[in-house]
Each structure stands twice: as structure tokens, then as C-alpha cells.
Amino acid sequence: MGEIVIRRVKKEDLDKIAEIEVECFPAAEAASKQSIEERIATFPESFLVAEKNREIVGFINGCATNSPVIYDALYHDSSHHIPDGESLAVFGLDVLPEHQRQGIAAKLMNYYIEIARTDCRKRVILTCKDRLVHYYEYFGFVNNGISESTYGGAQWFNMTLTI
Ligand SMILES: CC(C)(COP(=O)(O)OP(=O)(O)OC[C@H]1O[C@@H](n2cnc3c(N)ncnc32)[C@H](O)[C@@H]1OP(=O)(O)O)[C@@H](O)C(=O)NCCC(=O)NCCS
């Protein structure tokens, strides 16, 4: 297994990231290429990629906000990003199927949590489906119940990691 390098995103990563998003999420939930481009431009400091043998195989990203939970407009409108907000959100954590179950998402998440800590955030917040609740609990996230989000027509749980 090649070495995994976690680094901040670059503008040139856009195409590959958009491809990974389409592979990892159903069409109703996948962020568009335009939306990913906007995220890279708006909060590159909280947009990380994982490289294996110099190829991008996964990424994590999200904006900062003063909201204690994720709400749908956060995903769609980057003007909701508050650079010194109390919460660091996770919009997406993706690892290409052929590279899953090797701890790559865990490396991305741990690095992301470290950034939140360094930036003195109060918490990291995300929403996830039922099947991933146990996965995020492993990092110390607590399940705060069903989210008001109807993103992609699915049911989501609010997860909070207090720093
Ligand atoms: C969810 C997702 C990001 C996880 O990525 P990943 O890199 O496979 O995650 P990890 O390797 O850290 O952990 C995944 C599982 O592999 C296990 N694992 C970690 N390292 C392992 C290793 N070396 N060998 C075997 N299993 C391992 C973990 O314990 C975990 O098991 P669990 O599901 O029973 O808890 C990935 O499956 C994905 O992109 N899915 C589609 C998009 C998605 O749903 N994203 C989350 C949005 S909320």
C-alpha cells in the first residue's frame, strides 16, 4: 500500500475531485462541479485531499459557521461561510471505492479535526445517514438526533464533535 499524503486543495484538483464526488454519491446528493469550484475558492483552508502514489483518492471539505448544526443553505450558498465561526462543518468526506477500508477517510478526518483545534473552533459538525453514525462516533462525534436537512431527499443525523 502506497503512502497516504494529506494536503490542502489546489485549484488544479477540481476535475479529479468532481469525478470522485460523482463516484461516491448518488446524483441527488453529489455536489456539482460548480459548487465544488466555489468551495475551493471560498474555504481552501478547510478543504483537504488525500493522495496515494500522487493520485487524489479522497477529500474532505466544509465551511465555518456560527450555527451549531448544519442547515441546507450552507451547502448551496458560500456566502454563509463565516471565516471565524465557532463551528467547522463537514460537507463531504469521500474516498474512491477501490481505496476504501484502508483508513484514508480516518486520516482526512483526523487532520481536519486538528485544523479545527488549531483554529480554536468550538466544534466540528456534520450530518450523516444512519449507517455511518457509528463510524463518526469512533472519532468522538455525538449523535444529536434527526437533522432538519432534507438534502437529496434523505434522512440525516446531526453529529457534533466538541473540541
Ligand atoms: C464513508 C467513507 C468516506 C469511508 O472511507 P474509508 O476510507 O473507507 O474509511 P476508513 O477506512 O477510515 O473506515 C471505513 C471502515 O474501514 C475500516 N478500516 C479502516 N482501516 C482499515 C484497514 N486497514 N483494513 C480494514 N478495514 C479498515 C474502519 O474500521 C471502518 O469500518 P466500519 O465501517 O465498520 O466502522 C467512504 O466509504 C465513502 O466515501 N463513502 C461514500 C460517500 C459517503 O457516504 N461519505 C460520507 C458522507 S456523510
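Every value quoted in this text rests on a predicted model; they were computed, and no experiment measured them. Numbering of residues begins at 1 and proceeds along the displayed sequence.
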Item to check | Ile163 side, atom CD1; Ile113 side, atom CD1 - distance, nearest 0.5 Å | outcome: 7.0 Å
Checklist entry - Taking all non-hydrogen atoms of both residues, which atom of Ala64 and which atom of Pro83 are closest, and how far apart? => result CB-O, 4.0 Å
Checklist entry - Does a donor on one side chain sit under 3.5 Å from an acceptor on the other, for Ser87 and Arg123? => result yes
Checklist entry - Would you say His99's side chain and Val57's backbone share a donor-acceptor pair under 3.5 angstrom? => result no
Checklist entry - Is Asn61 close to Phe43 at the side-chain level, that is, under 4.5 Å between some pair of heavy atoms? => result yes
Checklist entry - Who are the side-chain hydrogen bond (donor to acceptor under 3.5 Å, both in side chains) partners of Tyr136, not counting sequence neighbours? => result none
Checklist entry - So do the side chains of Val133 and Phe141 get within less than 4.5 Å of each other, counting heavy atoms only? => result no
Checklist entry - Is there a side-chain contact between Lys33 and Leu14 (heavy atoms, below 4.5 Å)? => result yes
Checklist entry - For the atom pair CG (Asp15) and CD (Glu37), what is the distance rounded to the nearest 0.5 Å? => result 9.0 Å
Next on the checklist: Just by distance, no angles: are the side chains of Asn158 and Thr127 close enough, under 3.5 Å, to form a donor-acceptor pair?
Outcome noted: no
Checklist entry - Just wondering, are more than 12 heavy atoms of other shown residues or ligands nearer than 6.0 Å to CD in Gln34? => result no
Item to check | Which residues share a side-chain hydrogen bond (donor to acceptor under 3.5 Å, both in side chains) with Asp77, sequence neighbours left out | outcome: Ser79
Next on the checklist: Between Arg8 and Phe47, is there a side-chain heavy-atom distance shorter than 4.5 Å?
Outcome noted: no
Checklist outcome for this item: Heavy-atom nearest pair, Gln155 first then Ile146, reads NE2-CD1, 3.4 Å
Checklist entry - Can any side-chain N or O of Tyr112 pair as donor or acceptor with the backbone N or O of Leu88 at less than 3.5 Å? => result no
Next on the checklist: Around atom CD of Glu137, are there more than 12 heavy atoms from other residues, nucleotides or ligands closer than 6.0 Å?
Outcome noted: yes
Checklist entry - Donor-acceptor pair, Ser78 side chain versus Thr42 backbone, under 3.5 Å? => result no
Next on the checklist: Do Cys63 and Phe91 have side chains that approach each other closer than 4.5 Å (heavy atoms only, starting at C-beta)?
Outcome noted: yes
Next on the checklist: Could you go through His81 and Arg39, starting from their C-alpha distance and side-chain angles, then the distance that decides it, and tell me whether this counts as side-chain contact (heavy atoms from CB on, under 4.5 Å)?
Outcome noted: CA-CA 10 Å; His81 172 54; Arg39 292 175 188 181; over 6 Å; no
Checklist entry - Which atom pair, heavy atoms only, marks the closest approach of Ala116 to Val124? => result CB-CG2, 3.7 Å
Item to check | Separation between CG of Leu48 and NZ of Lys107, rounded to the nearest 0.5 Å | outcome: 14.0 Å
Checklist outcome for this item: Closest non-hydrogen atoms of Ala50 and Ile4, given as atom of the first, atom of the second and distance, are CB-CG2, 4.3 Å
Solution key, residues 18-29 side-chain donor-acceptor pairs under 3.5 Å, sequence neighbours excluded:
| unit_1 | atom_1 | unit_2 | atom_2 | d |
| --- | --- | --- | --- | --- |
| Glu21 | OE2 | Ala31 | N | 2.7 |
| Glu29 | OE1 | Lys129 | NZ | 3.1 |
| Glu29 | OE2 | Lys129 | NZ | 2.7 |

Checklist entry - Do Asn53 side-chain atoms and Glu55 backbone N/O form a donor-acceptor pair below 3.5 Å? => result no
Next on the checklist: With a 4.0 Å cut-off on N to O distance, would you call Arg121 and Glu86 a salt bridge?
Outcome noted: no
Checklist entry - Do Leu93 and Leu108 have side-chain heavy atoms sitting under 4.5 Å apart? => result yes
Item to check | Worked verdict on Tyr71 versus Tyr75 for ring-ring contact (aromatic ring centres under 6.0 Å, His included) | outcome: CA-CA 8 Å; Tyr71 54 95; Tyr75 292 113; 8.9 Å; no
Item to check | Shortest non-hydrogen separation from Ser46 to Gly62 and the atoms involved | outcome: OG-O, 2.6 Å
Checklist entry - Going from CG on Asp130 to CH2 on Trp156, what distance comes out if it is rounded to the nearest 0.5 angstrom? => result 11.5 Å
Next on the checklist: Rounded at 0.5 Å granularity, tell me how far CD1 in Ile104 sits from CE in Met109.
Outcome noted: 14.5 Å
Checklist entry - From Asn110 CG over to Ile6 CD1, what is the distance, rounded to the nearest 0.5 angstrom? => result 9.5 Å
Checklist entry - Are the charged groups of Glu51 and Arg7 less than 4.0 angstrom apart, N to O? => result yes
Checklist entry - Would you find a donor on one side and an acceptor on the other, under 3.5 Å apart, between the side chain of Ser67 and the backbone of Ile70? => result no
Item to check | Sidechain-backbone polar pair: Asp72 side chain, Thr150 backbone, donor-acceptor under 3.5 Å | outcome: yes
